[in-house]
Amino acid sequence: IQCSHALSYNMRYIVLFLFASLLQLRLDPSLQQNLLHTLNATVVRDTTTTCPYGALLDNVTSQIRSILSNVSLDNLGVGRPGHCGGVNWTRVAYLNMTDLNQTCPANWTLVTYPGNSGTTLRACQRKNGASCDVAYYSVKGKRYSQVCGRIVGNVYGQPEAFGTQTGSSIDMVYLDGMDITRGNPRQHVWSFVTSTSRMGNLKYLCSCSNRSLVPTTAVPSFVGLNYFCDCGAPPYTTEPAGKHYYSHIMWSGTDCPPDSTCCSFNTPPWFWRVLPNSTTDDIGVRQCANAGPSDENVDAMIIEVYIK
């Protein structure tokens with residue numbers, strides 16, 4: 001009876017864990033370690049010599065851990081339901097600075113600062129002055145015609161959307177924020193734009209910031225409609241320099257004021273772009289601003305880019 005009870009208890013948790021694992025692999029690979037911890041904490045081993053199933057259960061749970069520790073969206077090619085559509089997506093860029101084991105790309109630097117409730121936030125930001133600092137991601141020769149992904153971050157200082165363009169070329173600092181590009185020469189995929197406020201200088205507004213105000217700076221032609229724009233600091237007034245706005249998650253599709261359409265324009269946080277033709281171009285993720293990091297910056301906390 002003791003042996004059967006132990007087997008039933010363990011198998012119940014193994015089945016639940018497998019089911020949860022399949023769900024988490026389709027939703028968020030960063031949950032994997034939490035699930036592994038749950039498996040460790042809940043599986044009960046029968047160590048009595050009279051139960052023939054103890055060693056079997058140990059072996060099964062060990063194999064599950066091994067498989068889940070080595071599996072990833074990179075080689076599964078699973079879909080991202082509700083975000084990218086369909087299956088057979090391949091992950092080519094992934095950064096999650098909530099994972100203490102992850103480090104910033106070579107051209108970016110790690111920053112830490114106090115978050116809510118005594119937490120410490122970790123993020124990556126550019127190192128240089130007025131610049132676009134890029135992190136490159138290889139697609140390993142894979143041909144694709146669609147790109148999907150998201151960037152999660154927050155704002156430091158006084159970003160100005162498209163209002164301080166240093167030129168009309170994609171290779172210039174044409175925005176304050178981040179973008180995703182492909183190939184060399186560089187071609188635009190998606191922009192993540194940060195605005196200084198909802199109410200300030202019309203030159204620095206997001207086009208979606210306020211229904212009654214029209215920005216005086218045009219969106220670059222190579223960007224078109226392929227961008228998100230967000231204001232960094234609730235209650236969406238002009239931000240002082242030298243301040244982090246970690247309470248507002250940029251390009252999240254949430255926390256927009258009533259007169260803003262930024263939460264519905266292109267339906268952030270996930271973008272999905274169908275390219276005009278297929279390519280094997282590698283991917284670049286850039287952080288851009290027309291002033292130094294001490295004046296304004298975007299702190300990238302999570303980056304995900306998929307191709308198909």
Side-chain angles (χ1 to χ4, degrees), residues 23-24 26-31 34 80-85 93-99 111 113-125 148-162 175-180 190-200 204-213 215 219 223 225-239 243-273 285 287 296-306:
L23 288 178
Q24 66 91 17
R26 295 184 68 86
L27 295 176
D28 192 341
S30 66
L31 297 177
N34 290 337
R80 305 286 293 180
H83 304 315
C84 300
Y94 181 68
L95 177 74
N96 186 346
M97 295 307 292
T98 64
D99 180 352
V111 291
Y113 43 91
N116 294 321
S117 304
T119 60
T120 298
L121 300 179
R122 301 170 74 245
C124 299
Q125 64 176 219
C148 175
R150 64 170 178 155
I151 295 178
V152 172
N154 49 49
V155 165
Y156 175 83
Q158 299 174 305
E160 296 134 340
F162 295 115
L175 83 165
D176 284 348
M178 299 185 66
D179 71 3
I180 296 173
W190 204 265
S191 292
F192 298 78
V193 189
T194 57
S195 171
T196 190
S197 72
R198 179 178 64 93
M199 302 294 292
Y204 305 143
L205 290 180
C206 291
S207 59
C208 55
S209 292
N210 189 315
R211 288 187 176 91
S212 62
L213 301 175
V219 176
V223 173
L225 296 176
N226 299 308
Y227 69 97
F228 297 142
C229 196
D230 202 350
C231 301
Y236 303 90
T237 56
T238 300
E239 301 93 329
K243 181 175 175 60
H244 272 113
Y245 293 91
Y246 51 78
S247 62
H248 179 65
I249 303 301
M250 298 297 294
W251 316 298
S252 63
T254 61
D255 195 25
C256 289
D259 59 354
S260 168
T261 60
C262 291
C263 284
S264 57
F265 177 66
N266 279 334
T267 61
W270 289 86
F271 78 90
W272 179 15
R273 174 86 188 272
V285 180
Q287 295 195 11
E296 59 191 16
N297 228 333
V298 175
D299 298 334
M301 302 174 72
I302 296 177
I303 297 172
E304 294 185 80
V305 181
Y306 299 83

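Numbers here are sequence positions counted from 1. Just so it is clear, the values below take in all heavy atoms, side chains as well, and ignore hydrogens, waters and symmetry mates.
By the side chain to side chain contact (heavy atoms under 4.5 Å, CB included) test, Met301 pairs with Leu121, Ala123, Asn154, sequence neighbours left out. When the side chain to side chain contact (heavy atoms under 4.5 Å, CB included) test is applied to Val223, the partners found at least two apart in sequence or on another chain are Phe162, Tyr174, His188, Ser191, Val219, Pro220, Tyr227.
Going from atom CH2 of Trp270 over to atom CD of Glu304 covers 4.0 Å, rounded to the nearest 0.5 Å. Between atom CG of residue Asp179 and atom CG of residue Asn226 there is a gap of 12.0 Å, rounded to the nearest 0.5 Å. To the nearest 0.5 angstrom, Thr98 atom OG1 is 5.5 Å from Ile302 atom CD1.
Exactly one residue among Val152, Ile180, Val298 makes a side-chain contact (heavy atoms from CB on, under 4.5 Å) with Phe192. That residue is Ile180.
Side-chain N or O atoms of Arg122 include one that pairs as donor or acceptor with a backbone N or O of Met97 at under 3.5 Å. A donor-acceptor pair under 3.5 Å is absent between the side-chain atoms of Ser252 and the main chain of Pro269, judged by distance alone. With hydrogens and angles disregarded, no donor-acceptor distance shorter than 3.5 Å links the side chain of Asp176 to the backbone of Val193. Judged purely by atom type and a 3.5 angstrom limit, Gln287 uses its side chain to pair as donor or acceptor with the backbone of Cys124.
Between Asp299 and Val111 the shortest side-chain heavy-atom distance falls below 4.5 Å. Annotation: side chain of Thr194 is not in contact with side chain of Asp230 (no heavy-atom distance under 4.5 Å). A 4.5 Å side-chain heavy-atom check between Trp190 and Asn266 finds at least one atom pair inside the cut-off.
A distance of 6.0 Å or more separates the ring centres of Phe271 and Trp251.
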Would Ile151 and Val285 count as a side-chain contact (heavy atoms from CB on, under 4.5 Å) if you check the C-alpha gap in whole Å, the side-chain angles of each, and the deciding distance to 0.1 Å? CA-CA 10 Å; Ile151 295 178; Val285 180; 4.2 Å; yes
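Disulfide status for Cys84 with Cys148: present, SG atoms under 2.5 Å apart.
Between Pro268 and Cys263 the shortest heavy-atom distance is CD-O, 3.7 Å.
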